[in-house]
Colleague: 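The structure follows.
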Amino acid sequence: MIIIDDVHKRYQTDHGHGPWVLKGISITIPTHLSVGIIGCNGAGKSTLLRLIGGTDTPSKGRIERRCRVSWPMNYGGGLQNNMTGRQNSKFLCRIHGLREHEIPERIASIQDFTEIGAAFDQPVKTYSSGMKSRLQFGLTLAFDFDVYISDEATSAGDAAFRNKAQAAFNDLADRASIIMTSHGEGTLTQFCQAGIWLHNGQAHWFDDVKDAFAAYKETLPKQRPLAKS
Amino acid sequence: MNDVKGYRSPLIITFTTWKALFLREAVARLTSRRNAWVWLLLEPALQISFMLVLMTQLHVRTVGGIDTVVWLVVGLVFANLFKRTATQSQHAISANKALYTYRQVKPVDTVLVRAALEGFLMVVIGLILVAGTSFVGYDFIPNQSWILFAAFLNIWLLALGLGLIASIGVLMIPELEKIIGFANGPIYLLSGVVIPISAIPEPFQHWLMYNPIVHSIESARKAMSSYYHTSPDLNLFYTTEVALFSVFIGLSLHSRFVARVYKK
C-alpha cells in the first residue's frame, strides 16, 4: 500500500519558486493493483512518479510506502555515465542490501537479461539509448519489489527487447504491481486496472483505467482529430 | 512499517549506501584517468622534493629546530589532505547526480563518503612517504603521537565542513566556484606550509594565526618534536572549534537546501 497524503510539489527555479505542479493530492494505492497515470504533457506525471519512488520529496504533505517500491525507471535515469554496466549493477546490489557473496550471481542474471555482450564492461556513456534501456530494465527486474515504477521505460529499445520486456512485465504482474505512465493507450490498458488522471494539479482516481482515459479525452480540444494510439 | 518483507532499518540502509558509494568512489578515483593512483602519490612526493631542493640550496637544514624533511613532509601531507578533501567534497554532488534516482542515496552521503575516501587515501599516502623518508635515514617517530592524530583529524574535519558548505553553496551561487578557486591559490603561503610561521614578522604572524589550518599543521609539527618552536598563540582547539562550526553549518545548509539539487 502506498499512501499519498495531501502532496504538493513545486520546483525551485533560478528565479525563486516555480508554479505548483501538484496541488494537494491524496490517494491510497492498494497493493497488487496496477495503476496507469494519465495526463497531458506537463501535468505532473513524472513528478508524481518521482515522489512515489522517493527520488524527490514533496514540498508539502507526505508519502508513505508500506511495501517495497522500485526506483522510477525512466529514459537514461539512474545510470552513472563513467561507470561500466557491471559497476552500476554492483552499486545497486550493494545499496539494496545484498551481501557480497550474493552479488556475482545477481550480476550474472542482469548481464544475461540485458544481452549487450561485452559492452556490459564498458562505461555507460558509450551505450546507445536502446542499450541503456536494456540495462535499466535488467537492473529493476533483478530486485524483488512489490511495486515497480515505470516512466515510459519501454519506449526505447528494439522490437526483440520490447517483446522481452513485455514478457517480463507480464510475469511480474502475478507477484507485483506496476505504476506507470505511457502515451500509448494500448500499453496502459494492457498492464493497468486502475487509472489516475492528473489535471490542473489535481488527481482523479478511476477504478477502471478506460474511464480515466475517457475523462482525459473529454478535456482535449474537440476540433482536432485524436491521435491513434 | 517494520512488517514489510525485507525491511531494513534506516541506519543499516545508510551504512550499506556509504559502503557502496565508498567503493564506487574509490574505483573512480584510482582508475578514472591513466595511472591515476600513481599521480595521487606522486603529486605530494614531487612537491616535497621540489621544496626540499629549494631549501637545501638556501642552506635551510632545520626549521624551528626540526629537520626540514620532517617539517616539509608533515606540512605538505596535511596541506594536501585539506585541499583534496575540500575540493573532492565540493564537487561530490554534481559528480553523482545520476545516483539520486535511488532514494537510498542523498547528496550529503556523497560528500561525506568522498571526504572519508580522501582521508583514507592520505593516511596511506602519508605512511608511504614516511616509510620512504625513514628508509633513507630520517627520524619520523612522533613525540606525541596522539596530538599528531588529533591534528590530522581536525584538519580533515575542517576540510569536510568547508566542503559541505561549498558543495551546496556552488549550486545556489555558481559564482562561488570562482571565489573558492581564487582563495585556493595562496593557501600554501598563508598556512605556513612552505614558509615557517615563526619567520613571519609581527603583526602579520598574529594575523595568520586566525587561519585554522595553521594551528593544525603547526601542532602536528610540534607533535613530532618537543624542540620545535612555533608561534606562542598555537592552539589546536581553535581548529576544532572552527571545524565543528563549519560542519554544523554545512549539514544545516544540506538539510535546508537539498531540494535544489533535485531540480529537473
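Just so you know, these numbers use all the heavy atoms, side chains as well, and skip hydrogens, waters and symmetry mates. Everything numeric in this text was worked out from a predicted model, so none of it was measured. To find a chain, count down the sequence lines: A is the first, B the second, and so on, and within it residues start at 1.
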Colleague: Let's test your reading of the structure: which of A:G54, A:S70, A:G18, A:C93 forms the most heavy-atom pairs below 4.5 Å with chain B?
Modeller: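 With the most close heavy-atom pairs to chain B, the winner is A:G54.
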Colleague: Side-chain donor-acceptor pair under 3.5 Å between A:D121 and A:Q87, yes or no?
Modeller: no
Colleague: Can you tell which of B:I13, B:T31, B:N96 has the highest number of heavy-atom pairs within less than 4.5 Å of chain A?
Modeller: B:N96
Colleague: Check whether B:A28 gets within reach of chain A through its side chain, its backbone, both or neither, counting any heavy atom under 4.5 Å.
Modeller: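 Nothing of B:A28, per the 4.5 Å heavy-atom cut-off to chain A.
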Colleague: Which atom pairs, one a donor and one an acceptor, fall under 3.5 Å between side chains of residues 27-41 of chain A and the rest of the protein, sequence neighbours left out?
Modeller:
residue, atom, partner, partner atom, Å
A:T31, OG1, A:M1, N, 2.8
A:S34, OG, A:I178, N, 3.0

Colleague: Does B:Y100 have B:K106 sitting over its ring (NZ/CZ under 6.0 Å from centre, angle to axis within 45°)?
Modeller: no
Colleague: May I ask you to establish whether A:K9 and A:Y11 are in a cation-pi arrangement, using a distance under 6.0 Å from NZ or CZ to the six-membered ring centre and at most 45° from the ring axis?
Modeller: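 Verdict for A:Y11: a cation-pi partner in A:K9.
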Colleague: Which bit of B:I12 comes within less than 4.5 Å of chain A, counting heavy atoms only: side chain, backbone, both or neither?
Modeller: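 No part of it gets close to chain A.
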Colleague: List the residues meeting side-chain hydrogen bond (donor to acceptor under 3.5 Å, both in side chains) with B:E118, not counting sequence neighbours, and say none if there are none.
Modeller: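 Once residues adjacent in sequence are excluded, the partners of B:E118 under the side-chain hydrogen bond (donor to acceptor under 3.5 Å, both in side chains) criterion are B:R29.
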Colleague: Is A:Q80 in contact with chain B via its backbone, its side chain, both, or neither, using a 4.5 Å heavy-atom distance?
Modeller: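 Contact with chain B: backbone and side chain both.
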